[in-house]
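Counting starts at 1 for both ligands and their atoms, following the listed order.
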Amino acid sequence: MSHALWGGRFEGGLAAEMVPLNRSLDVDWRLWRHDVRGSRAWARGLERAGVLSPDEAAAIDGGLAQVAERLEALPGPAGLPDEDIHTVVERLLTEIVGSVGGKLHTGRSRNDQVATDFRMWGMEAVAGLREQVAALVDALAAKARTETDAIMPAYTHLQQAQPVPVAHWLLSRAWPLVRDLKQFGAVADECRVLPLGSGAVAGCPFDVDRDALAAELGFSHVSENSIDAVSDRDWAAKLVFAAALTGVHLSQLAEDLVVFSSAEFGFVRIGGGFATGSSLMPQKRNPDVAELVRGKAGRLVGNVAGMLAVLKGLPTGYNRDLQEDKEAVFDSVDTLAVVLPAMTGAVAKLEVVRERVAGARQAGLCATDLAEHLVRRGVPFRESHHAVGALVRIAEASGRELTDLTVDEMRSAHPAFGDDAAAVLAPAASVESRALRGGTATAAVEVQLQALAEALREA
Ligand code: ARG
């Protein structure tokens, strides 16, 4: 027999067709620990407010401890008749302690209760994700430290642009994750506002100390408006957005790995355990880890649209639509919790194939440096850019590379080329010449690594 919490004014039970639509237990089951913890705190709050006698409060508290034991022993919600996790907890409590269990819900509604449970869950989930993101940043930094002297082409428009250390590329994929860490931190801060004590929508008439409740349950503030408190899911929307943006960042790194591990590039080799073979083609080594991560970003992005669509157009106060808030959040957190460790492992095991990276560099990769050589000799950049463009044309027309041209040929395009002009075409020289903060020089990359470690500590 189900134990609906709202049966008094109704004659019959819920229509059979309504039961599956109404039921959220299979989704909110994972909130049971938070529901029990919040309920125990609420019972103590009611006691301090003089609503429960010490004996009643002790009976309820002991009963809730037993409820937790029973729920711990269950494999899941399958077979339970209840509509949601709050109903399960109260039904079991009443079975265990009798009618005094019915006093627990005094001054409380499932509206402020679920908002509280969900935020408690959110705080824990975000803490877990932050650790996983930090581990990936660490893995990228560790890999970068081993690749400071390998020089690859940096790309714009996926065309070779200028030389950079492989470390610089790896670190370019770490910084977005540091921003994600900060964003998750902001979400966790927003989570720490306690709705409990807001009742269904208009607050609680009993003198419960909300600040004490907040402190006991790990919240830093109490909500300031009971209507807002029961309907605010901004933190949840921001969590799914933060998760989606992290997913996008992971997807971009994944795309790099797919492209760079292809035969045509061959810059990296996906480590054993993270690549898979083909059931048909014996020679295949597929970058499945990267493709799966890239694919998972799709659902993370979809969850943002789903969440915002649920919230859009809700009228004032609590609305049952809000029951739909949890699936998106749980799915985004679960998805990232699977994706992040896999990507961290793949990065740790990633092999950079230095010969391929070096061999791929086009001779014209340092054409910009040649133009800058003229700039150092007083030529306006527009003019030097034009002169080097002419040299590229001369080289192409004679089937040679920029690096094959003689100084005299260079001077035919512009008289200001110095005897040492050819030296700037060496990728290592180009890399070292960009020594400003954020640049490619060995010393700048060293500073960057330190800055990343510092940012990680701060985040
Ligand atoms: N299962 C509901 C949810 O997840 C709990 C709140 C229900 N409130 C109500 N008045 N029916 O949001």
Side-chain angles (χ1 to χ4, degrees), residues 2-10 12-15 17-39 42 67 71 76-78 80-94 102 104-125 191 193-205 217 223 226-237 239-240 303 306-334:
S2 84
H3 170 97
L5 300 178
W6 38 264
R9 70 171 320 291
F10 291 93
L14 212 50
E17 304 91 314
M18 179 61 185
V19 171
L21 175 62
N22 189 50
R23 181 177 161 104
S24 61
L25 181 57
D26 305 286
V27 174
D28 58 32
W29 170 256
R30 65 168 91 189
L31 298 179
W32 74 258
R33 284 187 184 78
H34 313 88
D35 199 75
V36 169
R37 192 173 157 216
S39 294
W42 185 246
V67 169
L71 293 176
L80 294 179
D82 312 275
E83 79 173 68
D84 60 21
I85 191 57
H86 324 295
T87 313
V88 174
V89 170
E90 193 174 319
R91 174 174 62 81
L92 292 179
L93 174 67
T94 311
L104 170 63
H105 210 53
T106 310
R108 184 178 73 164
S109 156
R110 280 183 296 165
N111 298 352
D112 59 346
Q113 190 178 354
V114 71
T116 301
D117 293 357
F118 195 21
R119 282 173 185 261
M120 287 164 72
W121 186 90
M123 290 187 257
E124 286 172 19
C191 245
V193 179
L194 178 79
L196 199 59
S198 300
V201 70
C204 172
L217 295 175
S223 56
S226 61
I227 305 174
D228 180 43
V230 295
S231 56
D232 170 21
R233 298 295 186 275
D234 289 0
W235 70 270
L239 175 45
V240 291
N303 285 341
M307 175 65 90
L308 293 178
V310 167
L311 300 179
K312 177 195 169 297
L314 290 184
T316 177
Y318 176 85
N319 294 275
R320 194 65 187 283
D321 317 42
L322 289 172
Q323 180 164 295
E324 283 297 309
D325 59 356
K326 286 170 223 68
E327 243 169 310
V329 171
F330 291 165
D331 184 70
S332 289
V333 170
D334 291 349

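Distance alone, capped at 3.5 Å, is enough to place a donor-acceptor pair between the Asp112 side chain and the Gly197 backbone. For the pair Ser226 (side chain) and Val201 (backbone), a donor-acceptor distance under 3.5 Å is present.
Contact shell of ligand 1 (protein heavy atoms, cutoff 4.0 Å): Ser24, Asp28, Asp84, His86, Arg110, Asn111, Val114, Tyr318, Arg320, Gln323, Lys326.
Residue Gln323 is tested with Glu327, Arg320, Lys326 for a side-chain hydrogen bond (donor to acceptor under 3.5 Å, both in side chains); the sole match is Arg320. If you run side-chain hydrogen bond (donor to acceptor under 3.5 Å, both in side chains) between Ser39 and each of Glu90, His34, Arg108, His86, only Arg108 comes through.
Pairing each heavy atom of Leu311 with each of Ala237, the nearest pair is CD1-CB, 4.2 Å. Counting all heavy atoms, side chain and backbone alike, Ser198 lies closest to Val230 at CB-CG1, 4.1 Å.
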